[in-house]
2 protein chains.
Amino acid sequence: MNAGRTARERARAELTREIAEIARRQLGTEGAGGLNLRAIARELGMVSSAIYRYFPSRDDLLTALIIDAYNAVGEAVERADAACEQDDHAGRWRAVCHAVRDWALAHPHEYALIYGSPVPGYHAPADTVGPAVRDTVVYGRILTDAHAAGALNHPDGFPPAPPTFATDADQIRQLMPGLPDDVVARAVVAWTGLFGFLSFELFGQFANVVEDRATLFDHEVRTLGRLIGFDLESA
Amino acid sequence: MNAGRTARERARAELTREIAEIARRQLGTEGAGGLNLRAIARELGMVSSAIYRYFPSRDDLLTALIIDAYNAVGEAVERADAACEQDDHAGRWRAVCHAVRDWALAHPHEYALIYGSPVPGYHAPADTVGPAVRDTVVYGRILTDAHAAGALNHPDGFPPAPPTFATDADQIRQLMPGLPDDVVARAVVAWTGLFGFLSFELFGQFANVVEDRATLFDHEVRTLGRLIGFDLESA
DNA sequence: CGAAGTCAAGAGCAGTGCTCTCGATTTGGT
DNA sequence: ACCAAATCGAGAGCACTGCTCTTGACTTCG
């Protein structure tokens with residue numbers, strides 16, 4: 001896991017890393033479609049065919065970048081949550097939301113890679129599902145903690161989850177044990193709302209309409225937090 | 001505007017339409033990246049260079065498809081709203097939401113084109129902004145009507161819009177005249193929530209987690225409707 | 001009728017992802 | 001210490017792309 005044993009293994013790991021790094025930089029300037037194996041090879045001073053010793057195809061390189069992006073946002077979220085007073089559940093929710101947004105604004109093309117349109121004919125090998133849910137795992141833990149601490153006071157007058165939602169709720173509850181169906185359903189609303197806002201912001205839907213996105217985002221986060229059940233004062 | 005005068009003009013309009021139609025079909029099977037001018041030319045029995053008489057570049061073709069997609073979803077939304085009892089504001093809201101979803105499920109790649117990651121170096125010529133807001137215009141009209149009719153009973157305990165939101169609220173209010181800042185802010189939350197859900201559903205984020213998406217979607221729509229201020233019974 | 005405009009065809013250019021072959025180097029077992 | 005096996009980069013090449021330019025035929029319109 002640390003420094004590979006043989007010189008060849010070390011060189012291989014190093015080059016694999018360098019290729020991914022250049023690819024990530026290309027992604028940042030050109031977007032997903034501009035990923036160019038020959039340009040990467042040129043920058044590394046090698047011939048294009050040599051790249052294929054490290055990534056069997058362009059799609060595999062992209063998949064690696066996707067996994068990296070999932071891990072990056074997951075790690076950002078985990079760190080933001082860990083930095084919070086764990087009893088301040090509403091604060092943890094807000095911290096997580098802002099962590100996602102900060103990361104997305106800093107790496108818009110990588111955000112697009114994982115939360116935008118799937119690029120080719122779609123591919124989600126088993127390697128992706130683990131990293132893909134790191135942020136959602138954190139989210140679920142916050143909700144479970146808050147619910148267990150009795151910190152969720154559900155807003156009045158909202159529709160209950162339909163009975164047919166029960167089986168899906170069981171599935172989702174693996175990420176947020178203990179929550180009743182109604183809260184699970186509202187948790188999905190809040191989570192999709194978060195990414196809906198970010199996609200609007202990053203993909204240009206707010207252009208010429210909303211300028212002070214930070215303010216509006218913070219308000220949306222507080223509103224969704226209240227929807228989940230956090231108290232207004234703490235939200 | 002109707003049948004072009006000369007034979008040449010008619011032939012040109014016809015071919016332009018055919019090219020766009022084949023391109024849209026390609027989009028449906030291959031996605032945005034698979035748009036292939038030479039394949040279109042092949043299917044039309046012409047040589048590839050001839051395509052450039054009708055669309056100066058691949059990006060221009062894509063832009064045309066984007067505008068078409070905006071118009072298509074906009075028209076679907078307008079029709080869904082028009083089919084409603086206009087006094088049933090909550091019903092109009094739900095109808096609009098389901099119209100967007102139905103259209104998106106029927107044309108996932110076109111949805112990705114307009115609400116997914118922007119494809120190349122980004123392009124939003126003035127031609128796109130009109131069609132792009134057709135659905136939002138309908139949304140705003142519903143809210144204005146509901147508010148004027150006194151049909152919006154805002155849920156208790158939610159945070160008020162921050163004072164710094166005022167200038168953006170003025171801008172957004174052009175689409176939904178008469179609404180106070182608090183409602184405008186929640187309207188944005190609901191609108192982004194709608195597309196957040198659809199992007200999750202269409203881009204695969206619900207895979208292996210949520211199966212009965214129709215049920216959950218309807219619940220999300222009702223929850224967001226209540227957040228906007230529609231009554232629970234009518235929502 | 002004839003000049004001007006418009007069109008499809010074809011050749012061609014630069015670029016891409018990817019494959020295959022071929023020497024050079026490194027590795028690991030004996 | 002050797003040698004077969006594995007691994008590597010270089011290079012040529014294939015099929016394909018978007019796009020440009022030129023050429024000759026057809027339409028349009030004064």
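Below, chain A is the first sequence line, B the second, and so on; all start at residue 1.
Comparing D:dT17, C:dT27, D:dA10 against the side chain of A:V47 picks out D:dA10 as the nearest. In this structure, of D:dC8, C:dG28, C:dT6, it is C:dT6 that holds the atom nearest to the side chain of B:R8. Distances from the side chain of B:R38 to the nucleotides D:dT17, C:dT16, D:dC29 place D:dT17 closest.
Distance A:N36 CG to D:dG18 C1': 14 Å, rounded to the nearest Å. In this structure, CD of B:E30 is placed 11 Å from P of D:dT17, rounded to the nearest angstrom. Atom OH of A:Y52 is separated from atom C1' of C:dT21 by 17 Å (rounded to the nearest Å). With rounding to whole Å, B:R42 atom CZ is found 10 Å from D:dT17 atom C1'. The distance between atom CD of A:E9 and atom C1' of C:dG28, rounded to the nearest whole Å, is 12 Å. Regarding B:R53, its CZ atom lies at a distance of 15 Å from the P atom of D:dC19, rounded to whole Å. Rounded to whole Å, the distance from CZ on A:R58 to C1' on C:dG15 is 14 Å. Here the P atom of nucleotide C:dT6 and the CD atom of B:E14 are 20 Å apart, to the nearest Å.
Remark on DNA chain C: of its neighbouring residues A:L35 and B:M46, the 5'-side contact belongs to B:M46, judged by nearest-heavy-atom nucleotide. With DNA chain D read from its 5' end, the first of the two nearest nucleotides for B:L37 and A:A50 is the one closest to A:A50.
Under a 3.5 Å cut-off, the side chain of A:D168 and the backbone N or O of B:E211 do form a donor-acceptor pair.
Put simply, the side chain of B:L113 reaches to within 4.5 Å of the side chain of B:L62, judged on heavy atoms. A heavy-atom distance below 4.5 Å is found between the side chains of A:L224 and A:W93. For the pair A:R53 and A:L15, the minimum side-chain heavy-atom distance is 4.5 Å or more.
Contacts of A:S48 with the nucleic acid, taken as non-hydrogen atoms under 4.0 Å apart, include base atoms. B:L15 comes within 4.0 angstrom of sugar-phosphate atoms only, judged by non-hydrogen atoms across all strands, and of no base.
Between the side chains of A:T167 and A:D170, no donor-acceptor pair is found at a separation under 3.5 Å.
Within the structure, every side-chain polar atom (N or O) of B:S49 is placed at least 4.0 Å from both OP1 and OP2 of C:dA9. A close approach under 4.0 Å does occur between a side-chain nitrogen or oxygen of B:Y54 and OP1 or OP2 of C:dA8. Dashed line: the shortest gap from a side-chain N or O of B:R12 to OP1 or OP2 of C:dC7 is under 4.0 Å.
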